[in-house]
Colleague: 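The structure under discussion is supplied below as structure tokens; questions concerning it will follow.
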Amino acid sequence: MTFKSILDEIENNLHKLLDDLSISDVEFSVEVAKPGFGDVSSNISFLLAKKLHKSPKDIAEMLSEQYLKCTSTLVEKAQAHPSGYLNFFANWGKLNQLILSESYLAEFGDVDIGQNTPIVVEHTSVNPNKALHIGHIRNIIIGDVVSRILKKVNYQVNVLNYVDDSGLQVADILVGFQHLGFSLEPSTGKKFDHYCGDDVYVKTTETYETDSSLEEIRKNTLKELEDGNSETAKFADTITRRVLANQLETCWNLSVSYDCLNFESQIIRSGLWNKIFEKLKEMNLIEFEDKEKNAGCWVIRGENKEEDKVIVRSNGTATYIAKDIPYAAWKLGLLEDPFNYEKYDKEQPHSKTLWQTTLNESSHISKNFSGEKVITVIDSRQARLQKIITSLMAKFKSTPDAYIHLGYESVTLSSETAKTLGLNADGKQTQMSGRKGLYVNADSVYDILKEKVKEETCKRHPEMTFSEIEKIAHHVSVGTLRYEMIKQDLDKIITFDLTKSLSLEGDTAPYIQYTHARASRILEKSNRVPSIVVDFSLFTEESEINLIKTIGLFDLKVRDAANNLSPKVIARYCHDLAVAFNSFYEHVKVLELDNKELENSRLCLVNSFKITLEKALELLGIIAPDRM
RNA sequence: GGGCCCAUAGCUCAGCAUGGAUAGAGUGUUGGACUUCUAAUCCAAUGGUCAAGGGAUCGAAGCCCUUUGGGCCCGCCA
């Protein structure tokens, strides 16, 4: 029972009052009130104004009187506001108890939306030819937080990472290794993924400009890549596996994990495309074009004025988007699974098993990573192509919104940061480019942050051991980076600036983590476990009530975040919790009070805050240290 | 030419889905609070024609239309 109980109680009572007035079909709202307007507000009087031919104010007054006869356990009084709103004041003595005792339960904040149905969240999906940069990190963190939220609302979540190991970008670094003399071992001791991206990939694409003979080599390499038995494909496999392993290290370090890796090369070799191609033809979703510019191709007709999209070229090969169709159908469980599964050879943190697909017959393990619903996290530059996939899937599977493209705006570089990378951006923000070497690697950002946090922590706690500081610095830098990637809405471009984006003050993860450290310290110093049997009516301070109220909103926020696939809702909630606690901390003393009963109740509240914040932060994949 | 997205305080953003009260944070600037449960904190001041215009509504930052400015997408590349 949380704050939702009072909302439900009021809603039920208002419905009864409407029944008495023989009014139905009014969809009024019952919401958490704005500060200064009680605890709960309803717009019901505005909606009744027309029906009853009275002013909202009069109706609110009438309803507040009528409300007296309702059975209410959590509402102290209903009050009409001159504006017409109907405001409610909670009986905090009772609500305190409900919220605080609920917050101690393991399942606090759990909401059953998913009813344990399987759902796929696909994210990351970075070409295995380079290290992850800050733009990829946005994708990864959004995907990871969404999957955590969906788990919390009782979906059985399968997290997939699609490894595009046979595309042009991979061919490019192969050309570098095989024809431009790049050594397989970076001489500088660089991580292999950084070496491939920063050196091999950038130099190779640069060389294309001057050496036109490479173009032919590149094409052949790409062709050989698709034939699984070729030497090139085998070589590519060793390279991409090494890069992938490095990319995964970066992800794991940021507390991101997966359930299964899917390889594009295997999807191509599995023959799934032919099956789906036949199905598309049968269902008349694609047409053979016999004239004009797309003559000899299979196309999907554009809706309205949009252009047709070629799916199969006149030479019979499938295009980029076509390769996505069987994979999308596979994710929805619409195709017979051609894969066997094996464990990935390295262990993920928290010993969560990571599986990978294989076409190898010697493995006989079968698994099911498909979902009733699929959410694929891809930046909105791909919106056009994703729309085609989505509408195809809607025709394959009748449930509405079974296949969802969760789009988000990209991360750009501030002109100052672009300048440090050697580009004069003329005061404008710049799109990142792997090809041009214009990006900031995720590992570097983490390293810079960590150094900064270490320095700060050392200053504050000269007594701490090296390993303690190391641990704190890790959690704080991961938190900072993750929070930075999700605190704003998905449709906002993030302009990344090496100095500004790495702030540790204000609306940041360290601000939130710091309040957790404050709470932990109080509990630690109190030297005892607070007894939950307390007098809840002792909470009379505004900052206390406000903190309890905020704690009680947890499940409502989880519901909101899940329904809207909106990670930022939880990020903002964590911030709200921290603000409420800081206000409490500044206004109210907890330890060494004369009134021991009050001290115990406040300790309970601090503990409840700490538990709730930890749970909320867990949804963001952020760990708050006990000291910092 | 067609399509998608954005525009709210000097700067970065909440609020918009589901219209209703006094449009909120952070940051910046200025001033204040550490002998106290950790100052990565708190308090105060400052700062707004919610891009512009029109429409529907008793009522618009929010809904509809138009315009302007900015970003992105539109290959038999991937």
Side-chain angles (χ1 to χ4, degrees), chain A residues 27 29 31 33-37 41 43 45-47 49-50 55-56 81-85 87 127 164 166-172 222 264 289 293-299 302 304-307 309-315 317 319-321 323 379-385 387 407 409-410 412 428-429 431 453 456-457 459-461 476 487-495 497 500-501 503-515 517-526 560 563-564 566 568 572 575-576 578-579 582-583 585-592 602 606 627-628:
Chain A
E27 298 217 2
S29 71
E31 303 175 317
K34 286 209 263 182
F37 296 100
S41 312
N43 66 350
S45 345
F46 295 109
L47 304 176
K50 219 172 215 176
S55 76
H81 189 274
S83 64
Y85 264 106
N87 295 331
N127 288 311
D164 181 0
S166 55
L168 198 63
Q169 297 208 12
V170 169
D172 285 335
L222 185 62
E264 182 181 71
E289 186 69 78
K293 62 172 186 176
N294 290 334
C297 301
W298 287 88
V299 300
N304 302 325
K305 286 178 184 170
E306 281 172 22
E307 300 225 354
K309 187 75 207 163
V310 172
I311 295 297
V312 177
R313 303 184 186 97
S314 52
N315 68 6
T317 57
T319 57
Y320 167 68
I321 179 167
K323 292 179 197 162
D379 78 81
S380 48
R381 284 176 295 195
Q382 300 256 19
R384 200 189 185 85
L385 290 181
K387 201 178 138 207
E409 277 295 339
S410 47
T412 62
K428 281 176 129 185
Q429 46 171 307
Q431 288 279 331
V453 176
E456 185 71 33
T457 314
K459 225 189 301 175
R460 289 156 188 275
H461 302 285
V476 174
K487 75 172 176 189
Q488 53 193 280
D489 216 340
L490 303 182
D491 58 18
K492 290 283 192 308
I493 295 169
I494 293 181
T495 305
D497 185 279
K500 283 183 199 151
S501 301
S503 165
L504 307 177
E505 285 161 25
D507 185 9
T508 63
Y511 171 90
I512 299 165
Q513 289 168 314
Y514 184 71
T515 59
R518 278 179 150 182
S520 300
R521 192 65 172 160
I522 292 176
L523 293 167
E524 187 192 319
K525 281 210 167 175
S526 79
D560 183 5
N563 285 334
N564 296 302
S566 182
K568 96 178 160 207
R572 300 196 71 81
H575 184 255
D576 290 347
V579 169
N582 274 330
S583 163
Y585 187 92
E586 299 284 341
H587 286 100
V588 168
K589 220 170 133 50
V590 178
L591 295 180
E592 290 168 33
R602 285 189 178 158
V606 171
R627 297 187 67 186
M628 62 184 276

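The figures here come from the full heavy-atom set of this structure, side chains too, leaving out hydrogens, waters and symmetry mates. The structure presented is a predicted model; accordingly, all values stated were derived computationally and were not measured. Sequence lines set the chain letters: A, B, ... in the order given, protein chains first and strands last, and positions in each chain run from 1.
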Colleague: Hunt down the Watson-Crick or G-U wobble partner of B/C16, both distances under 3.5 Å, from any strand shown, or write none.
Modeller: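 Pairing partner: none.
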Colleague: Measure from CG on A/D507 to P on B/G24 and round the result to the nearest Å.
Modeller: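 Computing the A/D507:CG to B/G24:P distance gives 17 Å.
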Colleague: Under 4.0 angstrom, heavy atoms only, what part of the nucleic acid is A/H587 near: base, sugar-phosphate, or nothing?
Modeller: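 Touches nothing.
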Colleague: Starting at atom CG of A/L47, determine the distance to atom C1' of B/A21, rounded to an integer number of angstrom.
Modeller: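 Distance check: A/L47 CG to B/A21 C1' gives 15 Å.
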Colleague: Indicate whether the side chain of A/N43 and that of A/S29 have a donor and an acceptor atom separated by less than 3.5 Å.
Modeller: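 Short answer, yes.
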Colleague: Does a side-chain N or O from A/R518 land closer than 4.0 Å to OP1 or OP2 of B/A39, or not?
Modeller: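 Yes, such a contact exists.
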Colleague: Roughly, in whole Å, what's the span from CG in A/N564 to C1' in B/A14?
Modeller: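 About 15 Å, once rounded to whole Å.
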Colleague: Please state whether the phosphate of B/C77, meaning OP1 or OP2, lies under 4.0 angstrom from any side-chain nitrogen or oxygen of A/R313.
Modeller: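 Yes.
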Colleague: Paired with B/C4 by Watson-Crick or G-U wobble geometry, both distances under 3.5 Å: which nucleotide is it?
Modeller: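 Per the H-bond distance test, B/G71.
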Colleague: Any base atoms under 4.0 Å from A/V588, or only sugar-phosphate, or nothing? Heavy atoms, all strands.
Modeller: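 Result for A/V588 = base.
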Colleague: Output the rounded distance in Å from CD (A/E31) to C1' (B/A17).
Modeller: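 Going from A/E31 (CD) to B/A17 (C1'), I get 12 Å.
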Colleague: How far apart are the C-alpha atoms of A/V606 and A/Y585, what are their side-chain angles, what is the distance that settles it, and do they pass the side-chain contact (heavy atoms from CB on, under 4.5 Å) test?
Modeller: CA-CA 9 Å; A/V606 171; A/Y585 187 92; over 6 Å; no
Colleague: With heavy atoms under 4.0 Å as the rule, sort A/N315 into base, sugar-phosphate or nothing.
Modeller: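 The answer is nothing, as A/N315 stays clear of every strand by at least 4.0 Å.
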Colleague: Please report the interatomic distance CD1(A/I494) to OG1(A/T412), rounded to the nearest 0.5 Å.
Modeller: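 A/I494 CD1 to A/T412 OG1: 9.0 Å, rounded to 0.5 Å.
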Colleague: Once you apply the 3.5 Å cut-off to both distances, tell me the Watson-Crick or G-U wobble partner of B/A61, or none.
Modeller: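 Per the H-bond distance test, none.
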Colleague: When all nucleic acid strands are considered with a 4.0 Å heavy-atom cut-off, which category describes A/D489: base, sugar-phosphate, or nothing?
Modeller: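 The residue A/D489 makes sugar-phosphate contact but no base contact.
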Colleague: Taking atom P in both B/A44 and B/C50, compute the distance separating them and give it to the nearest angstrom.
Modeller: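 It works out to 26 Å between them.
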Colleague: Using a heavy-atom cut-off of 4.0 Å across all strands, would you classify A/L591 as base, sugar-phosphate, or nothing?
Modeller: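 Base contact.
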Colleague: Salt-bridge test for A/E586 and A/R518: reply yes if a basic N is under 4.0 Å from a carboxylate O, no otherwise.
Modeller: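 Looking at A/R518 together with A/E586, the answer is yes, because their closest N to O distance falls below 4.0 Å.
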Colleague: Using atom CG of A/L490 as one end and atom C1' of B/C5 as the other, report the distance to the nearest whole Å.
Modeller: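 Computing the A/L490:CG to B/C5:C1' distance gives 12 Å.
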Colleague: To the nearest 0.5 Å, how far apart are CE in A/M628 and CG in A/L504?
Modeller: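 Those atoms lie 8.0 Å apart.
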Colleague: Can you measure from CD1 (A/I522) to CZ (A/R602) and round to the nearest 0.5 angstrom?
Modeller: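 Between atom CD1 of A/I522 and atom CZ of A/R602 there are 10.5 Å.
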Colleague: Under the side-chain contact (heavy atoms from CB on, under 4.5 Å) criterion, do A/H575 and A/K487 qualify, and how do the steps go?
Modeller: CA-CA 10 Å; A/H575 184 255; A/K487 75 172 176 189; over 6 Å; no
Colleague: Side-chain N or O of A/Q488 versus OP1/OP2 of B/C13: is the shortest distance under 4.0 Å?
Modeller: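 Yes, because at least one side-chain N or O of A/Q488 sits under 4.0 Å from OP1 or OP2 of B/C13.
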Colleague: For the side chain of A/K525, counting heavy atoms from C-beta on, which of B/A25, B/C76, B/C37 is nearest?
Modeller: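 Selected nucleotide: B/C37.
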Colleague: Counting just side-chain N and O atoms, does A/K309 come under 4.0 Å of either OP1 or OP2 of B/G3?
Modeller: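 For B/G3, neither OP1 nor OP2 has a side-chain N or O of A/K309 closer than 4.0 Å.
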Colleague: Base, sugar-phosphate, or nothing: which does A/E592 touch, judged by heavy atoms less than 4.0 Å apart?
Modeller: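 Nothing: the residue A/E592, judged by heavy atoms under 4.0 Å, touches no strand.
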Colleague: Parallel, tilted or perpendicular for A/Y85 and A/F46, by the 30°/60° rule?
Modeller: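 Because their plane-to-plane angle is over 60°, the rings of A/Y85 and A/F46 count as perpendicular.
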Colleague: Expressed in whole Å, how much space separates the P atoms belonging to B/A60 and B/G53?
Modeller: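 Each nucleotide's P atom is 14 Å from the other's.
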Colleague: Select from A/D164 and A/K34 the residue whose nearest nucleotide in RNA chain B is closer to the 5' end of that strand.
Modeller: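 Closer to the 5' end of RNA chain B: A/K34.
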Colleague: Give me, pair by pair, the N or O atoms of the protein and of nucleotides 28-31 of chain B that are less than 3.5 Å apart, along with how far apart they are.
Modeller:
none

Colleague: Toward the 5' end of RNA chain B, which comes first, A/V590 or A/K487, by nearest nucleotide?
Modeller: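 Result: A/K487.
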Colleague: Distance only, no hydrogens: is a donor on one side chain within 3.5 Å (strictly under) of an acceptor on the other, for A/E289 and A/N294?
Modeller: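 On atom types as modelled, these side chains do not qualify, holding no pair under 3.5 Å.
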Colleague: After noting the C-alpha distance and the side-chain angles of A/S41 and A/K34, does the key distance pass the side-chain contact (heavy atoms from CB on, under 4.5 Å) rule?
Modeller: CA-CA 8 Å; A/S41 312; A/K34 286 209 263 182; over 6 Å; no
Colleague: A/K589 near the nucleic acid: base, sugar-phosphate alone, or nothing, with a heavy-atom cut-off under 4.0 Å?
Modeller: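 Base, at least one base heavy atom under 4.0 Å.
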Colleague: Just checking A/K568: base, sugar-phosphate only, or nothing, at a heavy-atom cut-off of under 4.0 Å?
Modeller: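 The answer is sugar-phosphate, as A/K568 gets under 4.0 Å only of primed atoms, P, OP1 or OP2.
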Colleague: Determine the interatomic distance between C1' on B/G24 and the same-named atom on B/C16; round to the nearest Å.
Modeller: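 Here B/G24 and B/C16 have their C1' atoms 14 Å from each other.
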Colleague: Expressed in whole Å, how much space separates the P atoms belonging to B/A21 and B/C63?
Modeller: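 Approximately 15 Å lies between the P atom of B/A21 and that of B/C63.
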Colleague: Could you state the CD-P distance from A/E409 to B/G70, rounded to the nearest angstrom?
Modeller: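 The answer, rounded to whole Å, is 16 Å.
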Colleague: Taking atom P in both B/G32 and B/A14, compute the distance separating them and give it to the nearest angstrom.
Modeller: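 About 34 Å, rounded to a whole number of Å.
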Colleague: Does A/L523 reach a base, just sugar-phosphate, or nothing at all? Heavy atoms under 4.0 Å.
Modeller: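 The residue A/L523 makes no contact with any strand.
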Colleague: Between B/U8 and B/A25, how far apart are the C1' atoms? Round to whole Å, please.
Modeller: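 Here B/A25 and B/U8 have their C1' atoms 13 Å from each other.
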Colleague: Surrounding CD of A/E307 (heavy atoms of other residues, nucleotides or ligands, distance under 6.0 Å), is the total greater than 12?
Modeller: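 For A/E307, atom CD is not crowded (no more than 12 foreign heavy atoms under 6.0 Å).
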Colleague: Centroid distance below 5.5 Å plus an interplanar angle below 30 degrees: do A/F37 and B/A21 meet both conditions?
Modeller: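 Not stacked by the 5.5 Å and 30° rule.
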Colleague: I want to verify a distance call: between B/G3, B/A78, B/A21, whose nearest atom is closest to the A/Y85 side chain?
Modeller: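 Looking only at side-chain atoms, A/Y85 lies closest to B/A21.
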Colleague: How close or far is atom P of B/G71 from atom NZ of A/K492, stated in whole angstroms?
Modeller: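 Rounded to whole Å, this separation is 17 Å.
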Colleague: Classify the glycosidic conformation of B/C4 as syn or anti, calling it syn when the angle lies within 90° of 0.
Modeller: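 That one's anti.
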Colleague: Looking only at non-hydrogen atoms, find the nearest pair between A/S526 and A/L591 and report the distance.
Modeller: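 Here A/S526 and A/L591 meet closest at CB-CD2, 3.6 Å.
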Colleague: Under 4.0 Å between a side-chain N/O of A/K387 and OP1 or OP2 of B/G3, yes or no?
Modeller: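 A/K387 to B/G3 OP1/OP2: no side-chain N or O under 4.0 Å.
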Colleague: Which part of the nucleic acid, if any, lies within reach of A/A578 when heavy atoms closer than 4.0 Å are counted: base, sugar-phosphate only, or nothing?
Modeller: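 Since no nucleic acid heavy atom lies under 4.0 Å of A/A578, the category is nothing.
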Colleague: Please classify the nucleic acid contact of A/R381 as base, sugar-phosphate, or nothing, using heavy-atom distances under 4.0 Å.
Modeller: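 Contact class for A/R381: sugar-phosphate only.
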Colleague: Using the C1' atoms only, state how far B/G1 lies from B/U18, rounded to an integer number of Å.
Modeller: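 Roughly 37 Å separates the two C1' atoms.
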Colleague: Does B/A45 pair with anything, Watson-Crick or G-U wobble, both distances under 3.5 Å, and if so, with which nucleotide?
Modeller: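 In the structure as shown, B/A45 has B/U29 as its Watson-Crick or wobble partner.
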Colleague: Could you check how far CG of A/N43 sits from C1' of B/U18, rounded to whole Å?
Modeller: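 Those two atoms, CG and C1', are 9 Å apart.
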Colleague: Counting only side-chain N and O atoms of A/K428, is one of them less than 4.0 Å from OP1 or OP2 of B/G70?
Modeller: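 Answer no for this pair, as no side-chain N or O of A/K428 is under 4.0 Å from OP1 or OP2.
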Colleague: Do A/S41 side-chain and B/A21 base share a donor-acceptor contact under 3.5 Å?
Modeller: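 Such a pair exists between side chain and base.
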Colleague: Provide the distance between the two C1' atoms, one in B/C6 and one in B/A51, to the nearest whole Å.
Modeller: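 That atom pair is separated by 11 Å.
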Colleague: If you check every side-chain atom of A/I522, which of B/C37, B/G3, B/C58 has the closest atom?
Modeller: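 Nearest to the side chain of A/I522 among the choices is B/C37.
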Colleague: Assess whether one donor atom and one acceptor atom, taken from the side chain of A/S314 and the base of B/C76, lie less than 3.5 Å apart.
Modeller: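 A donor-acceptor contact between them is present.
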Colleague: Between A/Y511 and B/C42, does any side-chain N or O lie under 4.0 Å from OP1 or OP2?
Modeller: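 So the side-chain polar atoms of A/Y511 do come within 4.0 Å of the phosphate oxygens OP1 or OP2 of B/C42, strictly under.
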Colleague: Is there a donor and acceptor pair, one atom on the side chain of A/N87 and one on the base of B/A21, closer than 3.5 Å?
Modeller: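 Per atom types, the contact qualifies.
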